[in-house]
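Taking it in order: structure first as structure tokens, then the write-up.
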Amino acid sequence: MQLIRVKNMEEASQRVYEIFKEQLTSKKDSTLGLATGSSPIRLYELLSKSKSLDFSLVKTFNLDEYFGLSPEHPQSYHYFMFDHLFNHINIDPGNVHVPSGVGDIQSVCDQYNEMLKDNPIDLQLLGMGGNGHIGFNEPGTSFDSVTHYIELDQRTRQDNARLFFDGNIDEVPTHAITMGIANIMAAKRIVMIICGKSKAEALKKMLEEEPSVQLPASALMSHPDCIIFADDQACSLLTK
Ligand code: GLP
């Protein structure tokens, strides 16, 4: 695990954009693992505006989806991905995968796990929740977990209501489908964007304490190729 300290979200996004560019140039049929939330928005804008990148052979797998939201729902992660990225690049919609937020839970999870087995992720993008979650793997999730159904923490619902859902926590679904931590760890390379004061405590625990299921992001400490881009605010509590 490598930590690269940056000034702000703009610098983090530019640095991660360079990594995506290098990945897509060296392997045209890359499989990308993608994330939602506010952390990747600027990166997706940079990828959308790039004239030189070719996504025609690229496959993508998103980390998670709210359970109970259809793909057409404006707060679904499916909608988010088309809005922020897929509608603006030359990707084949058939190569895009987001877990379904509707349907039979077990078959949604089983199918996603099968697809991930057949399509190893070359480069996985991650953000981190204020409670240390990755994807929607909330504290307590086993490091061996694969795609599963999960109840969202109250803090996660509050955080996500603040930024999305017009601030209304009652609109935020109570459950989600998420890739498990083992699925994430199987990616060949991982890049993470961690910005803002609200992430400082979790980042400190991740980097300065022993890995624990209470902090899902701490699983990444044993990944062979993981780079974290964290800004000054997120790094503000680090002592080492
Ligand atoms: C959501 C997503 C996570 C994301 C997290 C952080 O809960 N499921 O994948 O990393 O939010 O969000 P933000 O980037 O808005 O801080």
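Atoms within each ligand, like the ligands themselves, are counted from 1 in listed order.
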Expected output: side-chain [X] to main-chain [Y] donor-acceptor under 3.5 Å:
| X | Y | value |
| --- | --- | --- |
| N119 | M115 | yes |
| Y77 | G101 | no |
| D64 | F136 | yes |
| D166 | N168 | no |

F55 and F20: aromatic ring centres closer than 6.0 Å?
->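 No: the rings miss the under 6.0 Å criterion.
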Are Y149 and H175 near enough that their ring centres are under 6.0 Å apart?
->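 Yes, ring centres under 6.0 Å apart.
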Short list, please: which atoms of ligand 1 are under 4.0 Å from a heavy atom of G127?
->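 Selected atoms, number and element: 10 (O).
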Short list, please: which atoms of ligand 1 are under 4.0 Å from a heavy atom of L163?
->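 Atoms satisfying the 4.0 Å criterion: 15 (O).
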Nearest to [atom] by heavy atom, [options]: which?
| atom | options | value |
| --- | --- | --- |
| atom 8 (N) of ligand 1 | I41, L34, D64 | D64 |
| atom 9 (O) of ligand 1 | P40, S38, G129, G135 | G135 |
| atom 11 (O) of ligand 1 | H133, K199, M192, M179 | H133 |

Criterion side-chain contact (heavy atoms from CB on, under 4.5 Å) against R189, the qualifying member of I19, D122, L125 =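 Checked I19, D122, L125 against R189; only one passes side-chain contact (heavy atoms from CB on, under 4.5 Å): I19.
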Sub-3.5 Å N/O-N/O distance, T156 and ligand 1 =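 No; the residue has no nitrogen or oxygen that sits under 3.5 Å from a nitrogen or oxygen of the ligand.
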Is there any N or O on S39 that sits under 3.5 Å from an N or O of ligand 1?
->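 Checking ligand 1 against S39, an N or O pair does fall under 3.5 Å apart.
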Please report which non-hydrogen protein atom sits nearest to [atom], along with the residue it belongs to and the distance in Å to one decimal place.
| atom | answer |
| --- | --- |
| atom 6 (C) of ligand 1 | M128 O, 3.6 Å |
| atom 12 (O) of ligand 1 | G37 CA, 4.1 Å |
| atom 4 (C) of ligand 1 | T36 O, 3.9 Å |
| atom 1 (C) of ligand 1 | Y77 OH, 3.5 Å |

Go through the steps for L47 and L53 under the test side chain to side chain contact (heavy atoms under 4.5 Å, CB included), then give the verdict.
-> CA-CA 8 Å; L47 291 169; L53 293 179; 3.6 Å; yes
Which part of N160 is near ligand 1, with near meaning a heavy atom under 4.0 Å away: side chain, backbone, both or neither?
->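 The answer is the side chain of N160.
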